[in-house]
Amino acid sequence: MTLRLTNTLTRRIEAFEPQVPGQVGIYCCGVTVYDLCHLGHARSYIVWDVLRRYLQWRGYAVTFVQNFTDIDDKILHRAAAEGSSMEVVSERNIEAFFIDMDALNILRADRMPRATRCLDGIRALISELEAKGAAYSADGDVYFAVMKQADYGKLSGRDLSEQQEGASGRTASDEEARKQHPFDFALWKGAKPGEPSFASPWGPGRPGWHIECSAMVREELGETIDIHLGGADLIFPHHENEIAQSEAATGKPLARYWLHNGMVNVGGEKMSKSLGNFTTIRSLLESGVSPMTLRLFVLQAHYRKPLDFTTEALEAAATGWKGLAAALTLNTPAKAEADPAQLPAELAAARERFISAMDDDLNTSAALAVLFELAKPLRALANRLERGDTAATDEAASAPVTDRHALLHELAGVLGLAFTAAERDANATRGQSSAAPAGAAIEALIEQRRAAKAAKDFASADAIRAQLADQGIELIDKPGGITEWIQR
RNA sequence: GGCGGCAUGGCCAAGUGGUAAGGCAGAGGAUUGCAAAUCCUUUACCCCCAGUUCGAAUCUGGGUGCCGCCUCCA
């Protein structure tokens with residue numbers, strides 16, 4: 001069995017074989033740090049995190065590189081707007097990026113280069129391109145000449161003569177005037193008065209957007225890497241231009257596999273900053289949505305397809321996660337990773353189905369189905385344990401259960417589905433805030449209700465339930481006369 | 001105009017030739033003083049038309065609808 005992935009470059013599903021057996025070099029296009037990340041970023045990085053975890057689980061040594069674009073127009077605009085500096089804006093958003101990604105249980109990249117720290121590599125690359133005649137300078141800017149690259153357009157399947165230049169309505173006329181061809185793009189932008197700038201053979205300025213990735217890839221991973229990742233909206237022009245630059249300089253393929261994730265949509269339209277229809281990861285998490293709910297929501301769809309973000313779908317994912325979590329947290333003797341060779345037939349088959357699904361271009365939707373099936377009996381058992389069923393205690397310690405539990409944990413872990421510390425804390429404090437004044441009042445009412453129930457005065461007991469319900473407090477009776485409450 | 005993608009039950013979503021995974025929601029039942037939770041059971045001929053085939057959601061052709069990209073973008 002081999003992993004098969006859809007390669008945008010060839011437009012087909014191909015068996016994945018790294019250049020060096022057992023080792024995989026991955027470059028993932030990161031964020032421009034001018035603002036908080038939204039759900040589109042979350043999807044992209046969750047999906048690629050799963051790819052990385054899966055490769056590692058399958059035994060590959062993965063080197064994962066992800067950049068930060070910490071200089072560009074948007075950052076400068078933001079800095080100007082708030083009266084701070086490019087560095088302040090970048091640092092703040094890089095910090096925020098880590099907080100959000102950590103919360104989503106996305107593994108940190110092995111190396112995280114920043115554009116402003118790779119200037120040497122960038123300048124060197126531009127010089128090489130200039131020497132090879134693939135670049136030209138004009139008025140302090142340096143542009144890449146797309147017509148010099150015979151196969152320009154191979155990734156996005158474009159024929160330049162067929163394109164409507166400026167179809168996106170975003171071209172700057174002053175820049176157009178300096179270009180030899182409308183699709184030429186800036187490698188180096190001359191600084192405008194008052195802008196932060198870096199010295200260069202072409203005068204003070206800063207790197208264009210695309211060049212940083214080419215330079216970083218080469219510096220961190222070499223001339224030809226195994227996998228290059230990014231959102232589908234980066235195929236053109238960003239990735240096309242990366243290919244043009246890198247391959248013009250080295251004469252070698254930049255990446256062997258190009259993978260792209262589908263967009264997150266809202267009401268059928270792409271979620272984006274410019275449309276203003278975005279939800280930040282931060283605000284979603286602060287609204288009480290658990291990180292794992294978001295992960296599950298993302299992983300229930302295939303990574304290449306568009307994914308519509310709706311509250312209904314998110315709620316469905318939340319309930320789904322609750323079910324998986326119940327199985328995951330089953331109180332059973334801890335067991336190390338289950339040895340595949342020792343697994344009972346049913347579990348071995350489940351493991352195989354998981355692998356086949358993931359091997360099939362990361363079919364996480366089908367892989368999740370395996371998880372849910374594994375989880376089902378564990379949930380039932382967890383429920384019996386909670387009710388104080390003593391037989392369940394022995395059952396939970398039995399080999400079939402511990403094996404199943406260990407396998408579920410292992411496979412869920414491959415998808416990055418696990419309780420985060422924060423989530424555990426949230427669960428632990430649930431119904432235990434009696435120290436707070438409001439909590440004390442609630443506890444008092446619960447005690448009253450307990451007394452009423454003992455006296456078979458169910459009318460009073462129900463009145464208390466209703467009263468608390470009005471305040472958004474739900475009571476849950478547990479075995480042994482214990483009543484818990486949760487704030488809705 | 002060019003390139004690419006998508007259309008499966010109430011919702012989300014797998015399935016790429018052999019008779020429809022999974023999740024959510026709903027319904028019926030069990031259990032519970034009530035409620036929640038839990039358990040059991042249950043709900044589809046796959047956008048339309050034509051074709052290939054013993055057999056198609058799955059292949060081919062033609063439609064229809066929707067989305068992304070065409071120098072901000074994950």
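Sequence lines set the chain letters: A, B, ... in the order given, protein chains first and strands last, and positions in each chain run from 1.
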**Item:** Pair A:Glu373 + A:Arg353, salt bridge at N-O below 4.0 Å
**Value:**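 Counted as a salt bridge, because a side-chain N and a carboxylate O are separated by less than 4.0 Å.
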
**Nearest-angstrom distance from the residue atom CD of A:Glu269 to P of B:C73** =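 Rounded to whole Å, this separation is 19 Å.
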
**Cationic N near anionic O, under 4.0 Å, A:Glu176 to A:Lys179** =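 Yes, this pair counts.
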
**Asked** Does B:C46 have a Watson-Crick or wobble partner in any strand here, with both distances under 3.5 angstrom, and which is it?
**Response**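 Per the H-bond distance test, none.
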
**Item:** Nucleotide of B:A14, B:A74, B:C39 approaching A:Ser365 most closely (side-chain heavy atoms)
**Value:**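 That would be B:A14.
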
**Asked** Is the closest side-chain donor-acceptor distance between A:Asn67 and A:Glu212 under 3.5 Å?
**Response**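 Per modelled atom types, A:Asn67 and A:Glu212 side chains form a pair under 3.5 Å.
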
**Asked** Watson-Crick or G-U wobble partner for B:A27, using a 3.5 Å limit on both distances?
**Response**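 Result: B:U41.
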
**Item:** Opposite nucleotide pairing with B:C34, Watson-Crick or G-U, both atom distances under 3.5 Å
**Value:**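 With both distances under 3.5 Å required, B:C34 matches none.
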
**Request:** Provide, to the nearest angstrom, the distance between the CG atom belonging to A:Asp73 and the C1' atom belonging to B:C73.
**Result:**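 These atoms are roughly 13 Å apart.
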
**Request:** Check the distance between B:A74's P and A:Arg43's CZ and give it to me in whole angstrom.
**Result:**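 Rounding to the nearest Å, CZ of A:Arg43 and P of B:A74 are 15 Å apart.
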
**Asked** With both distances under 3.5 Å as the test, what is the Watson-Crick or G-U wobble partner of B:A7?
**Response**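 The base-pairing partner of B:A7, which may sit in any strand shown, is B:U64.
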
**Request:** Decide if atom CZ of A:Arg12 counts as having more than 12 heavy atoms of other residues, nucleotides or ligands within a radius under 6.0 Å.
**Result:**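 Not buried by this count: 12 neighbours or fewer within 6.0 Å.
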
**Item:** Separation of B:C69 C1' from A:Arg304 CZ (nearest whole Å)
**Value:**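 Result: 14 Å.
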
**Message:** Roughly how many Å apart are B:A56 and B:G17, using the P atom of each and rounding to a whole number?
**Reply:**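 To the nearest whole Å, 14 Å.
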
**Message:** Once you apply a heavy-atom cut-off of 4.0 Å, does A:Ala301 come out as touching a base, just sugar-phosphate, or nothing?
**Reply:**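 Sugar-phosphate, backbone atoms only, no base.
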
**Item:** Rounded P spacing from B:U52 to B:U60 in Å
**Value:**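 15 Å, rounded to whole Å.
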
**Prompt:** Is there a side-chain contact between A:Ile281 and A:Met101 (heavy atoms, below 4.5 Å)?
**Reply:**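 A side-chain contact exists here, since the closest heavy-atom pair is under 4.5 Å.
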
**Request:** Report yes or no: is the cationic atom of A:Arg108 (NZ for Lys, CZ for Arg) under 6.0 Å from the centre of the six-membered ring of A:Phe98, at an angle within 45° of the ring normal?
**Result:**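 Ring-cation test returns yes.
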
**Prompt:** Does a distance-only test, which skips hydrogens and angles, find a donor-acceptor pair under 3.5 Å between the side chain of A:Lys270 and the base of B:C73?
**Reply:**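 It does, because a donor-acceptor pair links the side chain of A:Lys270 to the base of B:C73 below 3.5 Å.
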
**Prompt:** Just checking A:His260: base, sugar-phosphate only, or nothing, at a heavy-atom cut-off of under 4.0 Å?
**Reply:**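 Result for A:His260 = nothing.
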
**Prompt:** How would you label the contact of A:Gly230 with the nucleic acid (heavy atoms, under 4.0 Å): base, sugar-phosphate, or nothing?
**Reply:**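 Here A:Gly230 touches the backbone only, sparing every base.
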
**Message:** Counting the atoms with a prime plus P, OP1 and OP2 as sugar-phosphate, which does A:Ile235 contact under 4.0 Å by heavy atoms, base, sugar-phosphate, or nothing?
**Reply:**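 The residue A:Ile235 makes no contact with any strand.
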
**Prompt:** Using atom P of each nucleotide, how far apart are B:C11 and B:G33 to the nearest Å?
**Reply:**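 The same atom, P, in both gives a distance of 38 Å.
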
**Request:** Using the six-membered ring wherever Trp is involved, compare the ring planes of A:Tyr45 and A:His41 and label them parallel, tilted or perpendicular (cut-offs 30° and 60°).
**Result:**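 Parallel: the ring planes of A:Tyr45 and A:His41 meet at under 30°.
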
**Prompt:** Say you pick atom C1' in B:A57 and the same atom in B:G18; how far apart are they, in whole Å?
**Reply:**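 Looking at atom C1' only, B:A57 and B:G18 are 13 Å apart.
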
**Request:** Take atom NZ of A:Lys305 and atom P of B:A13, then tell me their distance rounded to the nearest Å.
**Result:**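 Between P of B:A13 and NZ of A:Lys305: 8 Å.
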
**Fill in**
Letter by letter from the 5' end, nucleotides 23-34 of chain B scores (B base, S sugar-phosphate only, - none; protein heavy atoms under 4.0 Å) SSS-------BB

**Request:** Write down the distance separating the C1' atoms in B:U16 and B:G2, rounded off to the nearest Å.
**Result:**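 Comparing C1' positions in B:U16 and B:G2 gives a spacing of 28 Å.
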
**Prompt:** Within this structure, what is the NE2-to-P distance between A:His238 and B:G4, rounded to whole angstrom?
**Reply:**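 A:His238 atom NE2 is separated from B:G4 atom P by 22 Å.
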
**Request:** Remember a base hit wins even if backbone is also touched, and classify A:Ser274 as base, sugar-phosphate or nothing at under 4.0 Å, heavy atoms.
**Result:**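 Base contact.
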
**Message:** If I pick the P atom on B:G9 and the same atom on B:A20, what distance separates them, to the nearest angstrom?
**Reply:**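 B:A20 and B:G9 have their P atoms separated by 16 Å.
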
**Asked** Looking only at atom P, what distance separates B:C46 and B:U8, rounded to whole Å?
**Response**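 Straight-line distance between the two P atoms is 11 Å.
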
**Message:** Regarding A:Phe297, tell me which of base, sugar-phosphate or nothing describes its non-hydrogen contacts under 4.0 Å with the strands shown.
**Reply:**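 It contacts nothing in the nucleic acid.
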
**Request:** Using a 4.0 Å heavy-atom cut-off across all strands, classify A:Val370 as base, sugar-phosphate, or nothing.
**Result:**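 No contact.
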
**Request:** Check whether the side chains of A:Asp73 and A:Tyr34 place a donor and an acceptor atom closer than 3.5 Å, and report yes or no.
**Result:**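 Side-chain D/A pair, A:Asp73 to A:Tyr34: absent.
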
**Message:** Quick check on RNA chain B: between A:Ala369 and A:Asn363, whose nearest nucleotide comes earlier from the 5' end?
**Reply:**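 Looking at the nearest nucleotide for each, A:Asn363 comes out on the 5' side.
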
**Request:** For A:Leu381 and B:A37, give me the distance from atom CG to atom C1', rounded to whole Å.
**Result:**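 Roughly 15 Å, once rounded to whole Å.
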
**Item:** Rounded distance in Å - CH2 (A:Trp209) to C1' (B:C73)
**Value:**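 Taking CH2 of A:Trp209 and C1' of B:C73, I get 6 Å after rounding.
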
**Prompt:** Does B:A57 have a Watson-Crick or wobble partner in any strand here, with both distances under 3.5 angstrom, and which is it?
**Reply:**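 Across all strands, not a single nucleotide pairs with B:A57.
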
**Message:** Applying the Watson-Crick and G-U wobble criteria at under 3.5 Å, what pairs with B:C69? Answer none if nothing qualifies.
**Reply:**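 Across all strands, the one nucleotide that pairs with B:C69 is B:G2.
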
**Prompt:** If you look at every strand shown and take non-hydrogen atoms under 4.0 Å, does A:Trp48 touch a base, only sugar-phosphate, or nothing?
**Reply:**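 Answer is nothing: A:Trp48 stays at 4.0 Å or more from every strand.
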
**Prompt:** If you look at every strand shown and take non-hydrogen atoms under 4.0 Å, does A:Arg158 touch a base, only sugar-phosphate, or nothing?
**Reply:**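 Base contact - A:Arg158 has a heavy atom under 4.0 Å of at least one base atom.
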
**Asked** B:C69 and B:G61: how far apart are their P atoms, nearest whole angstrom?
**Response**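 The answer is 27 Å between these two P atoms.
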
**Asked** In the strands shown, is B:U52 matched to any nucleotide by a Watson-Crick or G-U wobble pair with both distances under 3.5 Å, and which?
**Response**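 B:U52 is paired with nothing.
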
**Item:** A:His228 and A:Trp258 aromatic ring geometry - parallel, tilted or perpendicular at 30°/60° bounds
**Value:**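 The rings of A:Trp258 and A:His228 lie parallel, inter-plane angle below 30°.
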
**Asked** Counting any heavy atom closer than 4.0 Å, what does A:Asn241 reach on the DNA or RNA strands: base, sugar-phosphate only, or nothing?
**Response**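 If one applies the 4.0 Å heavy-atom cut-off, A:Asn241 turns out to touch nothing in the nucleic acid.
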
**Item:** Base B:C72 to side chain A:Lys273, donor-acceptor N/O within 3.5 Å cut-off
**Value:**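 By the distance-only test, no, there is no pair.
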
**Asked** Do the two ring centres, one from A:Phe297 and one from A:Trp321, sit under 6.0 Å apart?
**Response**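 Ring centroids of A:Phe297 and A:Trp321 are no less than 6.0 Å from each other.
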
**Message:** Base, sugar-phosphate or nothing for A:Leu475? Non-hydrogen atoms, less than 4.0 Å.
**Reply:**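 The answer is base, as A:Leu475 lies within the cut-off (heavy atoms under 4.0 Å) of a base atom.
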
**Message:** Quick check: A:Phe68 with A:Phe97 (ring centres under 6.0 Å apart)?
**Reply:**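 For A:Phe97 and A:Phe68, the ring centres are under 6.0 Å apart.
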
